[in-house]
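This structure is a prediction, so every number in the text was calculated from the model and none was measured. A note on names: the letters A, B, ... follow the listed sequences, proteins ahead of strands, and every chain is numbered from 1. We use all heavy atoms of the structure for the numbers below, so side chains are in, but hydrogens, waters and symmetry mates are not.
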Number of protein chains: 2
Amino acid sequence: MSSDLDTVFAALADPTRRAILAMLLEDDMAVTDVAEPFEMSLAAISKHLMILTKAGLISQEKRGRVKWCKLEPDALRSASVWMQGFGQFEPVNLDAFERFLESQLPLADDT
Amino acid sequence: MSSDLDTVFAALADPTRRAILAMLLEDDMAVTDVAEPFEMSLAAISKHLMILTKAGLISQEKRGRVKWCKLEPDALRSASVWMQGFGQFEPVNLDAFERFLESQLPLADDT
DNA sequence: GCTTTGGTCAACCATTTGGTTGAATATGGA
DNA sequence: TCCATATTCAACCAAATGGTTGACCAAAGC
């Protein structure tokens, strides 16, 4: 009864986790590097990454002592299917998305 | 820093609330009628409806002593924009969505 | 071998969440 | 007017969430 939509949407409900996903959109990253821009302990980021992993939104692979995080956008598919059905939204162009992301990212201007 | 994406995704993270949205896709409903299929108090459903309302996913209008709930699919737009950017998902046809919904709705077969 | 670096684990804490119940507040109908 | 219906409110509860700290473990570097 609790589908994977639960975990995916719950994972997306946190701004830190969405920011992490946006960062990983650029490139794969090590855990420490993911954590760097946030004013938060490494352990906290580690937990967020675990939640994203369990939701299938990222994967983590350990090479040497470094654990690499990789975006897995396919996990968004079923959630996207679910959502789009409500509005018959037209496909979104990436320019709009890029602008949106930039207005959302708390990292560039920090606090 | 906590955007409306927080509230929208958090609202969508609960299966009861997603089921409610799916019900409202059919037609507007009174609170009592929304609650009917669930094995849960009316007060609990009322809370869920409040969360959906605050997320902008539904609106509620009181006519007489009955409060009508109405789907507001536009609230999904920004969330949809955010998500689609990750996968460049093609637009979803409604047939697929319908099938998906039916496989997800916990109400028909209950437990 | 030691020390540093990268990351997780465990225990803890405050807050939020999702549910309950019972009382309260309208409104509508007889 | 009196009663039933529709819905919320308030208090409470258990469990989950998001964060902290300090100890721990594994892999590199010297």
Point to revise | Between P of dG18(D) and CZ of F9(B), the distance in whole Å | key: 15 Å
**Study point:** For Q60(A), side-chain hydrogen bond (donor to acceptor under 3.5 Å, both in side chains) partners two or more places apart
**Key:** T53(A)
**Study point:** Closest-nucleotide 5' rank along DNA chain D - winner of L42(B) and D14(A)
**Key:** L42(B)
Check your understanding: K62(B) side chain N/O closer than 4.0 Å to the phosphate oxygens (OP1, OP2) of dT7(D)?
Key -> no
Exercise for review: Applying side chain to side chain contact (heavy atoms under 4.5 Å, CB included), name anything that partners A43(A), two or more places apart in sequence or on another chain.
Suggested key: S41(A)
Point to revise | Apart from V66(B) itself, residues in the same hydrophobic cluster as defined by side-chain heavy atoms under 4.5 Å | key: W68(B)
Exercise for review: Could you work out which one of dG6(C), dT21(D), dA6(D) sits closest to the side chain of V66(A)?
Suggested key: dG6(C)
Check your understanding: Do V31(B) and M40(B) belong together in a cluster built from hydrophobic side chains that touch within less than 4.5 Å?
Key -> yes
Check your understanding: If only side-chain N and O atoms of S41(B) are considered, is one of them under 4.0 Å from the OP1 or OP2 phosphate oxygen of dT20(C)?
Key -> yes
Review point. Are L25(A) and I45(A) joined in one hydrophobic group, where the rule is that I, L, V, M, F, W and Y side chains link up if heavy atoms are under 4.5 Å apart?
Key: yes
Point to revise | Side chain R17(A), main chain H48(A), donor-acceptor under 3.5 Å | key: no
Point to revise | Nucleotide of dT8(D), dG18(C), dT7(D) approaching Q60(B) most closely (side-chain heavy atoms) | key: dT8(D)
Review point. In whole Å, what is the span from the CE atom of M29(A) to the C1' atom of dG6(C)?
Key: 14 Å
**Study point:** Test side chain to side chain contact (heavy atoms under 4.5 Å, CB included) applied to L57(B) and D74(B), T7(B), L76(B), L24(B), the passing residue
**Key:** L76(B)
Review point. What do the steps show when you test F38(A) against I20(A) for side-chain contact (heavy atoms from CB on, under 4.5 Å), and what is the final call?
Key: CA-CA 10 Å; F38(A) 298 95; I20(A) 291 175; 3.9 Å; yes
**Study point:** Interface residues of residues 43-57 of chain B with DNA chain D (non-hydrogen, below 4.0 angstrom)
**Key:** A43(B), S46(B), K47(B)
Name the pairs: protein N/O against N/O of nucleotides 28-30 of chain C, kept only if under 3.5 Å.
from	atom 1	to	atom 2	distance (Å)
dG28(C)	O4'	R65(B)	NE	3.4

Practice item. Return the set of residues passing side chain to side chain contact (heavy atoms under 4.5 Å, CB included) with K47(B) (not counting sequence neighbours), or none when no residue passes. Key: none
Check your understanding: Between dC9(D) atom C1' and K67(B) atom NZ, what is the distance in whole Å?
Key -> 12 Å
